[in-house]
Structure formats: structure tokens, C-alpha cells
Protein chains: 2
Amino acid sequence: MRPDDLPQIRELNIFKGISEESFDELMRASFLQTFPAQMELIEEGEPADFLHVVVEGCVELFAQSNGRESTMAMVYPVSSFILAAIMKDAVYLMSARTNKKSRVLMIPAVSVRHVFDTDPAFSKAMVIELSSCYRGVVKEHKNLKLRTSVERLANRILRYRQKQQNDQITLPYDKKILASNLGMTPENLSRAFNTLKPYGVKVEGNKITLSDVEQLAKFAKPSKLIDDQSV
Amino acid sequence: MRPDDLPQIRELNIFKGISEESFDELMRASFLQTFPAQMELIEEGEPADFLHVVVEGCVELFAQSNGRESTMAMVYPVSSFILAAIMKDAVYLMSARTNKKSRVLMIPAVSVRHVFDTDPAFSKAMVIELSSCYRGVVKEHKNLKLRTSVERLANRILRYRQKQQNDQITLPYDKKILASNLGMTPENLSRAFNTLKPYGVKVEGNKITLSDVEQLAKFAKPSKLIDDQSV
DNA sequence: CGACGATTTGAATAGGATCAATGGGAGTGG
DNA sequence: CCACTCCCATTGATCCTATTCAAATCGTCG
């Protein structure tokens, strides 16, 4: 860990309010490392040795079984991943790879668990983080079980619009990954975009232009309890 | 809360190791109530006022959107539900109803959050519980994204066999709910059972008899990282 | 007994996946 | 700079899975 990086790390939400002592302990055996794109950071089934925090870039969580693979989530700064495995001292349930060049903070599991036991501010922060992750998966699960693929895409587009504050949207990653994340094949994603054309969705490469948000929203029927990041 | 119930409650895992003081505070404003079957305990979208703990019976967590409904999980003793909403002081993401007559312990959210802040043993227990819930949903999500419906059913049957330690299995609840939980329609569940007949699966009402577990397992290809409750 | 809901089965349909072929960019090496 | 390759993306055709609709059966409960 380079001393230069410490102040920036210290500002992260998950360290807000914790003692200097705790922070030092956490950082002592940690790494802040920059990885190139497409680097596998974690493989499911392995013991959870480090808590990972995406500081910069983007990390894909994915899972495999029986020859199939699916993108489970994309993790953006500043969020941790695989916190539950750390707390339970269990194996990872998902694999992780960088989607683009990324800076990742890696904190040893033992340190995390020890500071959790000794610093109430940190345990509070961890629980909030864990709760957010939990609710994120629940929403994803609802999304998958209660909507068709075209509806999922429509709502995803609306989410991007919200996040980018623009009717001109740039897809944050490859359509292949987006398809997998939405639980469909790339071919099907392509067709789903076409299905949304009548609702004012124009696609050119990774740029999407919305010309009739109202109609799109009427079709998508977004739900706070599925789509809102903040709820 | 009747004094008779307290010793039993005290033994629950989530209260193990916490101080008398903390326990008293938690219990002071709590209820241990018996509900009949099909009683709605929680409605998604409502503020999270109470942490619920299933002490006896069985509770169904389900979600609705756009006229559709899906069973998200079944909760058995002794597990809490909706813990994340409590910790984040947010609204429920799922609804809950008793599936059979059930005893449910209801602890006020404010008490939970306060004791969490003051008693390390309790915060530890809550985090373990929360982590388990998180990993449970992740497994369910993998299950849904990486398997066909027949594979999900086959693995579910194997799980029941494991839990009941018997090749004669009793389905723990209606097939309608099982179907929804597995992400399919009742009609499709019926057909999925038929598809598994060649693998030694015989169905009579809510009784299932397995005559060739090896073949069934070969078809199901169970995975520790999806099916094992303990991992 | 009668009503109701759960379950099963059949037939038709729709939604997605797979397979195959093509176009298009980005990156590589000459 | 250009040719080449590779992979992403799109499109068409086809197949398969799962849903929907309809109807029959069964069991339970009042």
C-alpha cells in the first residue's frame, strides 16, 4: 500500500467514523492494486481471503455451473464485493473479473473480521454495505422472476437514463455482458432492442437515443421496489 | 410477550452470547404471536417496523409486480426475515404470509438497531444471519440463471431427500408454491415431474418416491455452490 | 351433497435458445 | 498503411422450452 493512496481510501464510506487504530490495522496488510481489463480476481469455490473494494473501474461478478456462465452483477466504485463470504469465513459463491482497467483495494479477511469485532463504527458500516448488497440481489431476483426479457431491458434502459441524466445513453459495457446480466442471449438482446423501437429506442453501437421516454416508461412499468438503487 | 416463552427465545442462535441487558431491551417491546395459515404478515413497500423471526411453522416470502406474483423463499424456524430492511431503515422488498399456522417473534426495528449498536455479540449474530440470507439469495439467483426448470426441480428433490434423510419424500408445501418458488407454472411443474420419471421419480400427491437416486443425481448435477445450505 | 381450489393433461401459442451466416470494428503484425 | 484475424453484433431460420387456455379429475371443507 503506497502512503499516497491512504487519504483517498480513508474517505471511503465504509471507513467513515472508524478509529485511526482500526484503519491502520485494516490497511497494514492491504493492497491497492491496479489490474488490466479481463483479469480474473476471484474464482468461485475458493476460500474468501480478501475483501475486495472497487475503487476505480468496473468489476464483473459471474457464476458458472455445468458449462454455462452468467453475469450476476457489475460492481462500480465504491463498493465492496463478496463481503458475506468474508464474514462467514466461507468460499466465494461468485467469480470476479475486471471489465476494464480497475483499481481494487484488497483487505485481508482476518483483519476485516477482527476490526468488525472491535470497532462498532466499522461493524455498522459493514452491515449497511451488506444490507445494500442483499437488497440488490433480491431486486435482481424479482426482476428476473416477475418480468419478461424485453421488460427487463426497457427498465434497464430507464435506469441508465436516470443515472446518466440524459436521453442520449451510453451503454457502460458490451452488449454480450448486458445480455447475460439481463438473463438472455446476445441474439435475444438484439431482438429485444428491435422490439423497443416503437417506443422510441434507437440503437447505434453502444449509443442509445430515447425519443419517447413516456411511452417507454408506460411499457416498462418501472417499480421502486425493483429498479430504484436508493430504496 | 408471555414470560413462559422467554427461556425458549433466549436459546435462539441470534441471541446466543448477548448480554441480559440487551436481551431484556429486545424483548421489552416484542411480541411472540401465533398466526393462522395464510395470514399476511408483511406487505412489500411498507416501512420495516419489526424484525420477524419464525419460531415455529413456515412463512412464505413473495413479491408482486405488474399483476404477477412469485414466491421468493420459504422461511423455516429458526430464521429471521427482512433483516436488511431493518438495518437500513428502509421499506420491505418482499411480502410475507404464513404458509401454515406459525409462531413469529416480532422485535421492534428501533430496538434491533439500538442493540446492534451497543452489543457486539448481537451485531455479530446479525451479520452472520444477514450473510447467510445474502448467500441464500445468490444461490437462488444462480439456480434460476444457470439451470433449466427440470434441472431446478431435480436438484430440489435431491435437497429434500438430503434434509429428510429418506428416499420417500414429503413435499413440505403445495405444488403451486413449489412451482412458483422454482420459477415455473404449476402446469409446467407437473410436466417436469413426468420428465423425471425415467430417473426414478414417482409422484403420488405430496409424496415422492425415488428409486434411482444415482441416475437422478447424474441428471441434476448438483453443485455445492448452489445447493448446499451449509456453504 | 355441492362448491371450491389444487392438480393434471391436452392443445395451441409465445418466448427464448440455438445454429448458421454475415457484416463491422478493433487490434495485430507485416 | 494495409491485410488479416478475431470477436462482437445482427439477422434469418429453426427448434425447444415454457406459458396460456381449456377441460377433466380429485380431494377437502363447509
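In what follows, every chain begins at residue 1, and chains take the letters A, B, ... in the order their sequences are listed. Side chains are part of it too, since the values below use all heavy atoms of this structure and drop only hydrogens, waters and symmetry mates.
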### Query
For the side chain of A:Met184, counting heavy atoms from C-beta on, which of C:dT7, C:dA17, D:dT19 is nearest?
C:dA17
### Query
Between A:Glu204 (CD) and D:dC8 (C1'), how many Å, whole number?
17 Å
#### Entry: Geometric cation-pi criterion, B:Lys145 with A:Phe62: 6.0 Å, 45°
no
### Message
Any side-chain N or O of A:Thr185 below 4.0 angstrom from OP1/OP2 of C:dA17?
### Response
yes
### Query
How close or far is atom P of C:dG15 from atom CG of A:Asn188, stated in whole angstroms?
11 Å
### Message
What is the separation between atom CG on A:Leu189 and atom C1' on D:dA9, rounded to the nearest whole Å?
### Response
10 Å
### Query
Is it true that the NZ or CZ of B:Lys218 lies under 6.0 Å from the centre of B:Tyr199's six-membered ring and within 45 degrees of the ring axis?
no
### Task
Establish, with yes or no, whether the OP1 or OP2 oxygen of C:dG16 is under 4.0 angstrom from a side-chain nitrogen or oxygen of A:Ser149.
yes
### Query
Can you check the B:Arg191 CZ to D:dC16 P distance for me, whole Å?
17 Å
### Summary
Atom CG of A:Asn99 and atom P of D:dC8 are separated, to the nearest Å, by 12 Å
### Summary
note: A:Lys207, atom NZ; D:dA9, atom P; distance rounded to Å ~ 14 Å
### Query
Do B:Ser95 and B:Glu43 have a side chain donor and acceptor closer than 3.5 Å?
no
### Shortest side-chain distance from A:Asn194, nucleotide among D:dT11, D:dT19, D:dC8
D:dT11
### Query
Roughly, in whole Å, what's the span from CG in A:Asp174 to P in D:dT10?
11 Å
### Query
Do A:Arg97 and A:Glu69 sit within salt-bridge range, that is, some charged N less than 4.0 Å from a carboxylate O?
yes
#### Entry: Rounded interatomic separation in angstrom, taking OH from B:Tyr173 and C1' from C:dG5
20 Å
### Query
Nearest nucleotide by nearest heavy atom, which residue falls closer to the 5' end of DNA chain C, A:Thr148 or A:Glu187?
A:Thr148
### Task
Output the single nucleotide from D:dT10, D:dG12, C:dG10 whose closest atom is nearest the side chain of A:Lys175.
D:dT10
### Task
Let me see the working for A:Ser80 and A:Leu83 under side chain to side chain contact (heavy atoms under 4.5 Å, CB included), right down to the final yes or no.
CA-CA 7 Å; A:Ser80 68; A:Leu83 179 50; 4.2 Å; yes
